[in-house]
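Remarks on the structure that follows.
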Amino acid sequence: MWCTAALFYAGAAYTFFYAIIGDLNATKQRDSLCWPDNEVPALQKQIIPPNINDLLLSQYIKDGHWYRAKVVKIDQTNVQDFGKTEIVPLCCLAKCTEQLMQSNPACAVRFRLANLIDNTACDETRRRKAIDTIAVIVLNQTASVEVIGRNDEEIIVRFIDGQFADIPDILLSLGVVEET
């Protein structure tokens, strides 16, 4: 099976959160799941402190884009479309219409690169460097993947796109993963 995925977050060196936006033969793709800062009006950004379970937009500091989110703690949001929970200051929250939240359900899905496992001997500094390196490559990109398998927690994939084909080799060279 083949599908196209919008990549949003590197959760570990060899796992990512993404949204399936269609198969390669689909004629209609999903609307964008993030908005650049200039597309979120200033009035929308003037928000009072939210309550737990409020639906809103949350700005991701690393790329400056706004994503649909849900407040999970008073100072934390869970970004619905890429599966990450972060502490977010009030200035990085904006109002979100119910229609926008309901138009597409939360779609974060975790996938793992096929034939790779965590190198448990790797130190945390090297692991963080690998995650940051891979995040620069995949963040907000669209990739075609081959689905190799699945389990209850994740979908196991292999990148089809040439621009992502070197990721397993990069991870192996950084020493954060091993081949199975």
Side-chain angles (χ1 to χ4, degrees), residues 1-24 30 32-34 36-37 57-89 92-93 106-180:
M1 178 174 129
W2 306 86
C3 67
T4 304
L7 305 166
F8 290 111
Y9 170 64
Y14 63 100
T15 64
F16 307 89
F17 285 93
Y18 74 99
I20 297 174
I21 57 175
D23 61 54
L24 295 179
R30 180 184 289 275
S32 175
L33 298 172
C34 66
D37 190 51
L57 295 178
S58 179
Q59 188 176 35
Y60 186 49
I61 301 303
K62 288 188 178 183
D63 67 4
H65 283 74
W66 293 82
Y67 297 84
R68 300 180 311 168
K70 181 178 185 177
V71 177
V72 293
K73 290 185 181 177
I74 292 303
D75 62 349
Q76 291 185 335
T77 63
N78 179 356
V79 181
Q80 300 287 291
D81 293 318
F82 75 112
K84 184 173 184 179
T85 299
E86 287 197 337
I87 295 173
V88 180
C92 292
L93 298 176
C107 56
V109 177
R110 186 170 82 169
F111 75 78
R112 178 175 55 84
L113 294 177
N115 304 320
L116 297 178
I117 59 169
D118 192 31
N119 177 357
T120 56
C122 179
D123 63 80
E124 190 57 34
T125 302
R126 182 180 289 189
R127 189 175 315 284
R128 175 63 22 219
K129 179 183 176 189
I131 291 170
D132 289 345
T133 299
I134 298 306
V136 167
I137 298 169
V138 303
L139 190 64
N140 291 326
Q141 299 297 312
T142 301
S144 294
V145 296
E146 177 183 6
V147 177
I148 306 299
R150 63 180 64 221
N151 60 42
D152 290 341
E153 297 178 4
E154 60 197 4
I155 298 173
I156 302 156
V157 300
R158 180 178 298 124
F159 285 116
I160 299 169
D161 296 329
Q163 76 184 81
F164 302 112
D166 292 337
I167 288 177
D169 292 333
I170 292 169
L171 295 171
L172 287 165
S173 71
L174 291 171
V176 295
V177 297
E178 299 173 341
E179 289 186 287
T180 58

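Starting from 1, each residue takes its place in the sequence as its number.
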Arg158 side chain vs Ile148 backbone, donor-acceptor pair below 3.5 Å: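 A pair under 3.5 Å: no.
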
To the nearest 0.5 Å, tell me how far [X] [atom1] sits from [Y] [atom2].
| X | Y | atom1 | atom2 | result |
| --- | --- | --- | --- | --- |
| Arg128 | Asp123 | CZ | CG | 12.5 Å |
| Ile87 | Cys92 | CD1 | SG | 12.5 Å |
| Gln59 | Tyr67 | CD | OH | 10.0 Å |
| Leu171 | Asn119 | CG | CG | 11.5 Å |
| Leu174 | Asp169 | CG | CG | 11.0 Å |
| Ile137 | Asp166 | CD1 | CG | 8.5 Å |

Taking all heavy atoms of [X] and all of [Y], pick out the closest pair and write down the distance.
| X | Y | answer |
| --- | --- | --- |
| Cys122 | Gly175 | CB-O, 3.8 Å |
| His65 | Cys34 | CD2-SG, 3.8 Å |
| Ala143 | Asp161 | CA-OD2, 2.9 Å |
| Val145 | Phe159 | CG1-CD2, 3.8 Å |
| Leu93 | Trp66 | C-CZ3, 3.6 Å |

Beyond-backbone contact of Glu146 with Val157, side-chain heavy atoms, under 4.5 angstrom: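 No, every pair of side-chain atoms sits at 4.5 Å or beyond.
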
Non-hydrogen side-chain atoms of Leu116 and Leu172 separated by less than 4.5 Å: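 Yes - at least one pair of side-chain heavy atoms lies under 4.5 Å apart.
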
Set of side-chain contact (heavy atoms from CB on, under 4.5 Å) partners for Thr180, sequence neighbours left out: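 Applying side-chain contact (heavy atoms from CB on, under 4.5 Å) to Thr180 gives Asn115, Ile117.
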
Short N-O contact, Arg112 and Asp118, less than 4.0 angstrom: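 The answer is no: the pair does not qualify as a salt bridge.
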
